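As the structure lists them, so they are numbered: ligands from 1, and atoms in each ligand from 1. This is a predicted model, so every value here is computed, not measured. The chain is numbered in sequence order, starting from 1.
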Amino acid sequence: MPASKSVSECGSAENNRSLVDLFSRTISYLRLSLTDRCNLKCLYCVPEEGGLPKLEQEDLLSYEELLRVVRAAVSLGMTKLRLTGGEPLVRRDLMRFVKQLAEIKGLRDIRITTNGVLFEQYAEELRAAGISKINISLDSLKPERFARITGADCFAQVWRGIEKAQAVGFAPVKLNMVVMRGVNDDELADFAQLSRDTALHVRFIEFMPIGESSRWHKDTYVPSDEIKARLRDLGELIPVHRSETDGPACMFRVGQEAKGKLGFISPLSHHFCDRCNRLRLTSEGMLRACLLHDAETDLRSLLRHGGTDEEIRAALLAAVRSKPQGHRMEERLKAQEGGCHGRMSRIGG
Ligand code: SAM
């Protein structure tokens, strides 16, 4: 065995140490925004005056560029990947890319977050290609309201996608609902019931002030504690031991007999920065160390100007070391400094 090994030759367990940030968190999870394009126009993404700026095709990282980044990340010890966007299922030739990802040794878990519109048609292929888990965004159970929130009359199509996901064996299927006062917060009990009556995992996400287009307002934001209080009539929320697949959510069952789980993702009221294990790559190749901090590193320039694999690894490690201890968004809002500017469609949530 040689006396010293380059980073790429080392086993992942050994290298995990290099992915430990300045606050002792191990960063093992990479989120890729594959495109900023989306087939929905959700009101928290699109500006009230309409029109969302779009990246040019050549601004997006190609699949080959993305694969280089993922291989570099995995060689450092990253094990988990999420494909997001925009809407990842609208990116052409996605299946080929997923198959190539699945061949990367050491990458244990490839997940996807989707709005579900195209999921029914791709569910089987995605599962066969190597996607292990899915999250589907669903902000209303009422078809007309769903259309108002998303700009598209396709609730039935999304629901068929959810059923298809269960039928082809994705388990659990997680539904993410962004809770917005006066928009969909009268459906909290219906969503909670869904997690009791079916095997679906429903997660309530606090509305975050992200993007110049966000309609976030302190009055629209509903903190998780209030959501829990408003569910009191449904019966006891029984805490569930956090599993590796729960991510940042605090999980409960709505009564002993519940078939699914109910989760609370509280980035503002009970932030989970001390457990954050993520790096994000935006659709145009910017590395983002924190969802709620606008600082980014330009990885695309490195990729397109002859950067070596070692340099890509160095950029990833530098991003890990630059991760802030916490996002301090609540303090910023109190000081009326405003939210984040980065558009969610390019960051990927
Ligand atoms: N198109 C995919 C989808 O709809 O799931 C993936 C991209 S979307 C940006 C990822 C997630 O971010 C979705 O669950 C969406 O509801 C959530 N999201 C977007 N803007 C948000 C905001 N301001 N606060 C909280 N969650 C938000």
With sequence neighbours excluded, what pairs up with S345 under the side chain to side chain contact (heavy atoms under 4.5 Å, CB included) test?
-> D36, L52, R343
Applying ring pair (Phe, Tyr, Trp, His ring centres under 6.0 Å), name anything that partners Y29, two or more places apart in sequence or on another chain.
-> none
Hey, is T114 touching ligand 1 through its side chain, its backbone, both or neither, going by heavy atoms under 4.0 Å?
-> backbone
Polar-atom distance check: E87 versus ligand 1, any N or O pair below 3.5 Å?
-> yes
Counting heavy atoms only, which of M208, R37, E206 is nearest atom 23 (N) of ligand 1?
-> M208
Measure from NZ or CZ of R68 to the centre of the six-membered ring of Y63, then state whether that distance is under 6.0 Å and the direction lies within 45° of the axis.
-> no
Specify the closest pair of heavy atoms between S140 and I149, including all atoms of both residues, with the distance to one decimal.
-> CB-CD1, 4.2 Å
Quick one: does ligand 1 sit under 4.0 Å from the side chain of V178, the backbone, both or neither, non-hydrogen atoms only?
-> side chain
Counting heavy atoms only, which of G85, C38, S137, G86 is nearest atom 2 (C) of ligand 1?
-> G86
Just by modelled atom types, is the A129 backbone N or O under 3.5 Å from a matching donor or acceptor in the K99 side chain?
-> no
Heavy atom of M177 under 4.0 Å from ligand 1?
-> no
What part of Y44, side chain from CB on, backbone N/CA/C/O, both or neither, has a heavy atom under 4.0 Å from ligand 1?
-> side chain
